[in-house]
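A, B, ... follow the sequence lines: proteins, then strands. Residue 1 opens every chain.
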Amino acid sequence: MKDLNEDQVARSANLKGMGCSRKRVEDARFTQGKGNYVDDVKLPGMLHGDFVRSPYAHARIKSIDTSKAMAVDGVIAVLTAADLAPLNLHWMPTLAGDKQMVLADGKVLFQGQEVAFVVAKDRFIAADAVELVEVDYEELPVIVNPFEALQSDVVLREDIADQKEGAHGPRKHHNHIFTWEAGEEAATNDVIDNAEVVATETMYYHRTHPCPLETCGSVASMDKVNGKLTVWGTFQAPHVVRTVASLLSGIEEHNIRVISPDIGGGFGNKVGVYPGYVCSIVASIVTGKPVKWIEDRMENLMSTAFARDYWMTGKIAATKDGKITGLHCHVTADHGAFDACADPTKFPAGFMNICTGSYDIPTAYLAVDGVYTNKAPGGVSYRCSFRVTEAVYFIERMIEVLAIELNMDAAELRRINFIKKDQFPYQSALGWEYDSGDYHTAWDKALKAVDYEGLRKEQAERVEAFKRGETRSLMGIGLSFFTEIVGAGPVKNCDILGMGMFDSCEIRIHPTGSAIARLGTISQGQGHATTFAQILASEIGLPADSITIEEGDTDTAPYGLGTYGSRSTPVAGAATALAGRKIRAKAQMIAAYLLEVHDDDLEWDIDRFVVKGAPERFKTMKEIAYAAYNQAIPGVEPGLEAVSYYDPPNMTYPFGAYVCVMDIDVDTGVQTIRRFYALDDCGTRINPMIIEGQVHGGLTEALAVALGQEIAYDDMGNVKTGTLMDFFLPTAWEVPNYETDHTVTPSPHHPIGAKGVGESPHVGGVPCFSNAVNDAFRAFGNRHTHMPHDHWRIWQTANKLGLHG
Amino acid sequence: MYAFDVTRPKTVAEAVAALAGDEAQALGGGQTLIPTLKQRLASPATLVSLTAIDEMKGVCADGGTLTIGGGTTHATVAAEASAYPALAALAANIGDPAVRSRGTIGGSLANNDPSACYPSAALASGATIVTNNREIAADDYFQGLFTTALNEGEIITAVKFPVPEKANYQKFVQPASRFSLVGVFVAKYADGVRVAVTGASENGVFRWTEAEAALSANFSADAVEGLTASADGLINDLHGDAEYRAHLIKVMTKRAVAAAK
């Protein structure tokens with residue numbers, strides 16, 4: 001970039017464009033209680049819904065008696081599957097090509113499943129009536145283990161028991177959903193069979209839950225006079241909800257307005273369509289009144305979308321000196337009662353085939369078997385792109401296990417296998433084209449920053465001191481190097497229910513030089529109103545403070561696929577930049593007319609067009625905006641607006657290098673994080689402060705998952721972690737100080753080179769914390785222990801290794 | 001919640017009278033009762049709030065005894081019980097600031113949650129639970145899980161703690177709830193050492209008498225080294241089994257002894 005003069009520096013600063021740590025414009029209202037969330041929507045005559053839920057994980061419903069509930073004063077309706085069946089709404093399609101009961105139809109398949117929906121004049125009456133609905137259950141055998149499910153005679157999904165073909169190919173068993181493969185099986189087996197060294201490990205990535213601060217909910221309002229349905233809801237993809245609602249209900253899409261107001265965190269939990277949304281809509285259509293449904297925390301944890309629950313077995317082959325030659329991965333994926341994974345249609349296991357990680361692995365094979373069990377449906381990407389956290393955890397643990405097998409330093413093993421800078425764009429063995437990367441530079445910077453050699457020396461000394469009985473504390477060094485795959489995605493291979501995963505931006509410049517831009521995405525705390533305005537400020541030369549960003553209202557925003565999988569900046573951010581460039585192109589024509597020069601005689605200078613070679617002759621964007629509306633310009637339409645729909649040519653591949661230094665109290669199992677260093681490369685950086693915030697948040701959710709956060713079931717399918725008394729949600733109390741750092745390797749195919757960052761810290765953080773725990777015990781013969789590494793499990797590891805005397 | 005009425009008496013006498021009413025329930029800081037009501041697990045007709053009774057509030061050190069009003073919040077105890085530093089430290093580490101600003105010592109002891117902190121301090125200190133009509137020794141007061149010697153409608157008006165020579169409370173938190181997975185309170189008096197354990201037992205707070213004997217003879221962490229806390233009757237749950245809890249009882253006891261002052 002050429003040096004700017006003093007005037008240019010001042011004008012540039014005034015824009016608060018890309019690269020500026022602009023304060024979040026959303027926070028004034030969030031911190032002062034002025035947010036507008038779904039539960040803040042209160043409409044005249046609004047009714048309230050509440051669910052009767054199944055106490056059993058698997059049971060036949062012999063009868064449902066709603067008469068006592070209906071007799072309660074103030075109860076308007078009690079809906080059951082029998083009421084929804086004539087509308088064909090007792091089941092609904094899932095995002096994964098399966099179908100799901102809206103209300104229990106003949107049987108229940110997981111604890112907490114929706115059985116009946118009570119609609120009443122207030123929330124208390126609804127709750128009273130829920131207790132009066134009498135359901136006669138006949139308990140059935142419960143299966144909570146996917147391996148058992150594949151052996152069992154018990155048919156969980158009787159509705160599809162005879163279907164040999166599922167949405168993703170043949171089904172091997174009545175509790176089997178799909179087998180999904182990538183790579184070359186025979187070639188991979190051949191490499192492994194003939195390898196000098198092979199490391200094998202099975203790891204369980206436990207079931208957990210995104211647990212956003214705000215639970216899920218909706219308010220549906222059917223205006224029977226105008227035939228218009230308005231739905232406010234906790235939707236990460238409001239346009240998709242509109243289309244699905246139209247297809248299911250038969251109401252034409254122009255008569256449905258879906259609004260995602262402020263959303264208190266999503267993390268994947270608010271991508272799917274839940275029975276509560278459908279029931280509130282149906283109830284509003286039936287009653288002609290607005291109907292609100294807001295779930296409580298226990299309902300959120302028990303019944304809305306979980307994450308992970310993957311059993312992963314890996315074989316990794318290498319030469320004696322550590323060059324990886326092949327990777328084999330098999331996953332048994334527990335999807336619960338319905339396959340409601342939120343993945344692009346062609347990817348029933350998400351992007352699990354990014355599991356070759358950051359390494360140049362010539363031959364690889366992946367197979368994923370999806371299985372039904374008596375657990376809640378879901379399988380969402382909790383703060384990650386589709387199943388990328390699972391993939392990165394898998395490869396980063398396999399690298400550690402291979403390092404043990406080779407008796408080699410794990411950092412060095414990574415270094416000699418990284419994809420080299422000059423190999424990009426890199427074609428992976430499992431089918432992806434990595435856009436750009438400079439892994440060695442990032443790794444070296446990270447290891448130097450933490451004095452990696454010094455840490456290893458200290459660790460070795462600690463082990464000796466422990467053996468001499470001088471300390472009861474061990475030290476773990478957790479390493480992880482991750483490559484994300486985000487920004488879904490190219491329409492050619494990414495769609496959701498047939499809807500291509502492009503995104504959009506529509507810009508309207510006002511005559512006085514301010515603007516509004518609307519996008520197809522929806523912020524859930526990411527700070528879109530701040531960062532998208534910065535992209536635009538840099539593109540069109542109007543101050544970010546003069547640009548309103550609006551999202552989430554399908555009547556006003558352009559169609560888009562929503563916010564999840566770190567796709568907002570890679571896709572909608574690109575649309576924003578390109579729409580801005582259309583504005584600028586028209587502005588250039590206007591400026592040329594005003595300055596009486598040819599278009600080509602102008603050059604762009606931060607916030608204005610300047611006549612080349614005559615810097616005193618210019619028109620600012622503010623002046624151009626006014627002229628666009630108020631001056632007749634021959635051959636140019638009045639107004640200054642643009643819209644861009646962006647179909648990305650490829651995904652983006654952010655990466656990063658993390659190091660965790662942990663001390664473990666062997667006597668109690670308590671792990672203390674002494675240091676956490678996170679280097680992220682997300683390409684071009686739009687707002688460093690927001691990036692840092694995203695990294696802190698993602699690392700904290702990684703800490704949660706790695707060290708204790710779990711949805712646990714007992715053998716009867718009862719949820720053991722149904723409240724925050726048992727489900728671990730970290731606060732400032734548990735969170736260490738994070739050191740953040742970065743390198744910048746722009747995406748070559750993205751208009752501004754940005755790659756997305758919201759999920760990187762989670763994807764890279766989970767294996768980093770886990771590797772630290774496992775590494776602490778490496779000197780005592782430990783290879784692998786499953787997450788979550790809570791105090792008790794760590795203590796058990798120490799116990800098994802004979803470290804308690 | 002179900003619907004209920006609330007009264008806020010100004011004196012103990014008024015509160016006792018109000019509690020005599022049909023399905024009346026005393027409400028201290030509400031840190032347990034309010035969530036219970038929200039989950040519809042209790043349905044009192046009337047809540048008798050004790051928070052307006054000034055005679056039940058405050059911390060007073062007199063001679064060798066620290067007296068704390070039953071309606072005194074954890075935050076107040078943390079700030080004002082300097083005569084008994086281990087007790088002040090315990091109070092300062094209950095829940096979070098919001099909990100400490102509302103929760104009361106009387107409420108905690110009346111509820112006798114098996115994972116609460118205060119029962120261990122009361123039992124280890126040989127405290128006296130003062131109610132509106134009698135005084136109960138701590139050894140007689142705690143009678144099992146959520147069970148105490150209190151009669152229906154009886155209110156804890158104060159707790160009297162003999163101030164020990166040395167004491168310390170070690171709390172090993174359950175990470176999700178931050179209640180005690182195991183909490184050990186050790187108090188050394190001229191006539192012996194008392195050790196009370198919370199969080200661990202299916203029967204609520206209890207005294208580890210073997211450790212008391214060993215520590216009364218030799219007040220050092222080494223004195224506990226040869227002992228093993230029994231896992232019989234300890235809690236097995238998602239966050240730790242009986243064996244783990246038994247192990248932690250010993251570890252926390254040793255640490256409490258080492259840190260006692």
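- More than 12 heavy atoms of other residues, nucleotides or ligands shown are found within 6.0 angstrom of CG on A/L801.
- Top candidate by heavy-atom pairs under 4.5 Å with chain A, chosen from B/K250, B/R178, B/Q174, is B/R178.
- Inspection of non-hydrogen atoms places B/M252, B/R255 of residues 252-261 of chain B under 4.5 Å from chain A.
- The contact between B/Q39 and chain A is made entirely by side chain atoms (from C-beta outward), counting heavy-atom distances below 4.5 Å.
- The OH atom of B/Y2 sits 6.5 Å away from the CG atom of A/D128 when rounded to the nearest 0.5 Å.
- Side chains of A/Q796 and B/E243 form no contact here, defined as non-hydrogen atoms less than 4.5 Å apart.
- Contacts of A/A704 with chain B are absent, with no heavy-atom separation under 4.5 Å from either backbone or side chain.
- Screening A/D790, A/D726, A/D714 against B/L238 for a side-chain contact (heavy atoms from CB on, under 4.5 Å) leaves a single residue, A/D726.
- For a heavy-atom cut-off of 4.5 Å, chain A lies close to no residue in residues 204-232 of chain B.
- Heavy atoms closer than 4.5 Å to chain B are found nowhere in A/D296, neither backbone nor side chain.
- No more than 12 heavy atoms of other residues, nucleotides or ligands sit less than 6.0 Å from atom CZ of A/F124.
- Looking at B/D96, neither its backbone nor its side chain comes within 4.5 Å of chain A, counting heavy atoms on both sides.
- No side-chain N or O of A/W792 forms a donor-acceptor pair with one of B/H239 less than 3.5 Å apart.
- Residues A/E131 and B/R40 have side chains in contact (heavy-atom distance under 4.5 Å, counting atoms from C-beta outward).
- The aromatic ring centres of A/H791 and B/F172 sit less than 6.0 Å apart.
- Atom CE of A/M716 has 12 or fewer heavy atoms from other residues, nucleotides or ligands within 6.0 Å.
- Using a 4.5 Å cut-off on side-chain heavy atoms (C-beta onward), B/H247 and A/T668 make no contact.
- For the pair B/L248 and A/W795, the minimum side-chain heavy-atom distance is 4.5 Å or more.
- Residues A/K720 and B/D237 are not in side-chain contact: their nearest non-hydrogen atoms beyond the backbone lie 4.5 Å or more apart.
- When all heavy atoms of A/M725 and B/A176 are compared, the closest pair comes out as O-CB, 3.4 Å.
- Considering only heavy-atom pairs separated by less than 4.5 Å from chain B, the leading option among A/G669, A/P730, A/A127, A/G708 is A/A127.
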